[in-house]
Asks: 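Take this structure first; my questions come after.
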Amino acid sequence: MIHSDLLNSAPFSGQETDILIADDSAATRLLLEYMVKKWGYRVFSARDGVQALEILSAPNPPRLALLDWMMPNLDGLGVIKKVAEDPNIPFIYSILITNRSEPEDMITALNAGADDFLAKPIQVEELNSRIKVGQRTIGYQLRQEESMQLMAVQKQDLKQAKEKAELADLAKTRFLRWVSHDLSQPLSSMGMFIEQMGAVRDLSEMRNQMRGISSSYQTLSELLNSLLTLDHVERKFVEHGAVEPQISSIDLGVLFNRLALEYVPLAQLQGIKLRVVPTRAVVQSDAGFLERIIRNLVTNAVRYTRQGGGVLLGCRARGDAFRIEVWDTGEGIPAEKQQKIFREFDRLDSNTSAHKHASTATLDSGLGLGLAIVKSLVQILHYPLELRSEPGRGSRFSITVPVGDPDNIKPVWSLDLQNTGAIPKDSLIVVVDDDQDVRTNVLSLLDKWSCQGVGVESRSEAFAKFDQLGRQPDFIISDYHLLNDEIGTDVIKAILAHFNAEIPALIITSHTAPDFLKKLQKSGFDYLTKPVSPAKLRSYLKSKLSQQVRFSA
């Protein structure tokens with residue numbers, strides 16, 4: 001029974017909340033639904049306890065329930081007990097409605113889990129007030145649930161952060177261990193070779209010592225380049241959350257030629273034949289990333305190929321793409337290790353690799369970063385990376401790169417394989433560097449290459465030298481940062497203005513930040529990043545000075 005005032009009462013201020021009304025009396029349900037909706041609540045209706053339990057067991061159930069105690073099949077108290085037993089049902093604020101009004105009945109209901117007790121006949125003000133109390137309780141419960149969820153998320157975040165920190169600490173430990181080993185080995189070798197230089201007795205022995213020094217230098221250079229590449233990628237992720245490649249059309253033949261000039265002699269020192277298949281392919285990629293990928297694949301192939309074996313670099317047309325492939329005749333990679341080799345600081349056991357066959361080879365050592373860098377860069381570029389290998393039958397690494405636009409190739413300095421002779425004799429090359437040791441070493445190389453080298457530390461000293469020589473230089477090599485805040489590009493521009501001539505020039509820099517290198521590119525001068533190997537510098541000079549001779553002829 002519902003008190004008669006219920007039908008004539010003014011509407012109360014409610015808020016949009018779902019309420020379940022469960023009563024086996026259709027008349028009672030309709031009257032309760034009418035008033036509850038009138039107060040602004042949304043209503044679910046059930047004719048018995050079974051239907052009420054179905055509604056409360058569904059996703060996002062109403063969080064407040066008006067339950068008649070006496071209902072067929074399952075009474076209101078039974079519904080409350082089953083809700084309390086089901087961990088999948090959230091907190092439901094239950095108001096038990098009944099004709100029972102004895103104190104012991106109230107105690108029974110509350111002990112069974114009811115949150116409130118409403119005796120018939122129902123008073124309008126009492127019903128509205130009890131619903132509001134239920135709303136406040138539900139609000140407290142929801143805030144508690146949100147806090148618990150937040151705490152769970154924070155706990156999970158802390159757990160992940162802790163695991164990440166532990167992994168980072170482990171990686172740092174492994175990194176330091178590998179670096180200390182891989183740096184100390186070539187440095188120690190260089191020290192021994194240099195020490196032995198003073199006791200050499202013939203030219204053959206001298207050459208052996210020089211090959212050892214060159215080998216150690218190349219190892220250090222490859223290690224540093226790998227670390228700089230990793231630093232570049234990680235810094236981009238830290239700063240921007242992603243790495244944005246600079247996509248352009250690239251003449252793959254030019255890149256292959258440059259790599260051939262650098263790596264063929266290094267492979268020969270290990271007794272390995274490196275063949276680079278000429279190509280006219282034009283691909284679309286980030287020039288720096290693509291070169292680093294191919295370099296690392298070639299380095300890896302040479303490192304793990306036996307003396308007398310071979311390595312091949314080439315590409316095949318595949319529809320609207322080119323597949324760049326690096327083959328080797330090494331010992332191959334077991335299937336269970338083919339994923340492991342792409343992780344940082346992992347590499348094949350040296351007892352089963354080319355290490356035992358070429359202990360003094362130029363590409364003998366490494367941090368195991370090469371293939372990890374390859375994987376990172378191909379993921380950034382979204383290129384398929386494929387490895388096919390069988391123990392005893394060698395390996396093939398390949399990446400598939402989109403076709404580029406031949407009419408829109410990004411200009412890069414090219415090394416002409418048909419022009420591999422000596423640098424034109426008596427070429428006058430100015431070396432601008434404020435480090436005396438660097439100037440001395442570079443001038444010594446130029447003298448070995450039959451060039452006339454002039455070393456200066458500043459613009460003013462360069463002009464003084466020019467007055468003495470009475471001729472303009474054929475080439476300019478300058479460090480970027482000089483004494484007294486002078487900048488290499490400014491010095492080169494001053495020299496060009498002094499002679500009013502287009503003289504080829506090269507900037508050497510230790511800076512590898514992408515923004516800095518972009519700025520350097522816009523200056524119009526070619527650049528190389530330190531460390532610069534003698535082979536790379538010589539190849540560059542051959543290309544530029546030979547072009548100069550041909551153009552002036």
Side-chain angles (χ1 to χ4, degrees), residues 182 215 218-219 222 226 252 255-256 259-260 262-279 281 283 290-319 321-379 381 383-401:
D182 283 16
S215 166
Q218 186 63 32
T219 298
E222 287 293 331
S226 294
L252 200 59
L255 177 56
F256 276 19
L259 295 176
E262 288 188 43
Y263 281 90
V264 168
L266 297 176
Q268 289 175 346
L269 288 176
Q270 284 192 205
I272 297 169
K273 183 179 180 180
L274 171 59
R275 181 187 172 205
V276 179
V277 181
T279 180
V283 297
L290 181 63
E291 180 170 345
R292 174 48 56 185
I293 290 170
I294 301 174
R295 279 181 180 277
N296 286 11
L297 291 178
V298 172
T299 298
N300 183 76
V302 173
R303 176 178 291 130
Y304 291 103
T305 297
R306 293 175 178 269
Q307 288 182 350
V311 174
L312 181 142
L313 169 62
C315 76
R316 303 173 187 267
R318 288 291 181 267
F322 286 99
R323 191 173 69 197
I324 301 172
E325 302 176 350
V326 178
W327 295 75
D328 67 66
T329 60
E331 295 198 7
I333 306 168
E336 65 272 13
K337 293 185 178 180
Q338 290 185 9
Q339 292 301 317
K340 179 181 178 182
I341 63 171
F342 289 102
R343 298 203 299 260
E344 294 176 5
F345 314 123
D346 275 316
R347 56 187 181 187
L348 293 182
D349 186 350
S350 61
N351 291 327
T352 60
S353 72
H355 289 267
K356 62 182 179 181
H357 303 286
S359 59
T360 61
T362 57
L363 299 178
D364 175 54
S365 185
L367 277 176
L369 295 176
L371 294 181
I373 291 174
V374 168
K375 184 176 181 180
S376 295
L377 295 182
V378 297
Q379 287 176 340
L381 295 168
Y383 294 163
L385 171 63
E386 183 181 357
L387 165 60
R388 294 177 59 183
S389 183
E390 294 182 26
R393 302 189 64 180
S395 304
R396 188 204 76 182
F397 290 84
S398 64
I399 59 169
T400 303
V401 186

Asks: Let me see the working for Y304 and D328 under side chain to side chain contact (heavy atoms under 4.5 Å, CB included), right down to the final yes or no.
Replies: CA-CA 8 Å; Y304 291 103; D328 67 66; over 6 Å; no
Asks: Got a sec: does the CZ of R396 have more than 12 other heavy atoms crowding it under 6.0 Å?
Replies: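 Yes, the 6.0 Å shell around CZ holds more than 12 heavy atoms from other groups.
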Asks: Going through the checks in order, is the side chain to side chain contact (heavy atoms under 4.5 Å, CB included) test met by T329 and R306?
Replies: CA-CA 8 Å; T329 60; R306 293 175 178 269; over 6 Å; no
Asks: Could you report the tightest heavy-atom contact between F322 and V283, atom names first, then the distance?
Replies: CD1-CG1, 3.9 Å
Asks: Quick one: pull up OG in S398 and CG in L385 and give me the separation to the nearest 0.5 Å.
Replies: 7.0 Å
Asks: Measure across I294 and I324 and return the closest heavy-atom pair with its distance rounded to 0.1 Å.
Replies: CD1-CD1, 4.0 Å
Asks: With rounding to the nearest 0.5 angstrom, report the CG to CD1 distance, L387 to I333.
Replies: 5.0 Å
Asks: Within a 6.0 Å radius of atom CZ on R275, are there more than 12 heavy atoms belonging to other residues, nucleotides or ligands?
Replies: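 Not buried by this count: 12 neighbours or fewer within 6.0 Å.
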Asks: Kindly compute the distance separating CD (E325) from CG (L313), expressed to the nearest 0.5 Å.
Replies: 9.5 Å
Asks: Could you report the tightest heavy-atom contact between T279 and C315, atom names first, then the distance?
Replies: OG1-SG, 3.4 Å
Asks: Could you grab the distance from atom CD of E291 to atom CG of L252, nearest 0.5 Å is fine?
Replies: 11.0 Å
Asks: What's the spacing between Q268 CD and K273 NZ if we round to 0.5 Å?
Replies: 10.0 Å
Asks: Specify the closest pair of heavy atoms between S389 and S395, including all atoms of both residues, with the distance to one decimal.
Replies: OG-OG, 2.7 Å
Asks: If you look at every heavy atom in I399 and I293, which pair is closest and at what distance?
Replies: CD1-CG2, 3.8 Å
Asks: Hey, could you give me the CG/CZ distance between N300 and R295, rounded to the nearest 0.5 Å?
Replies: 15.0 Å
Asks: Nearest heavy-atom pair of T400 and A321: which atoms, and what distance?
Replies: CG2-CB, 3.6 Å
Asks: With respect to V311, which candidate in V276, T299, V302, V264 satisfies the side-chain contact (heavy atoms from CB on, under 4.5 Å) definition?
Replies: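 So the option named by the test is V302.
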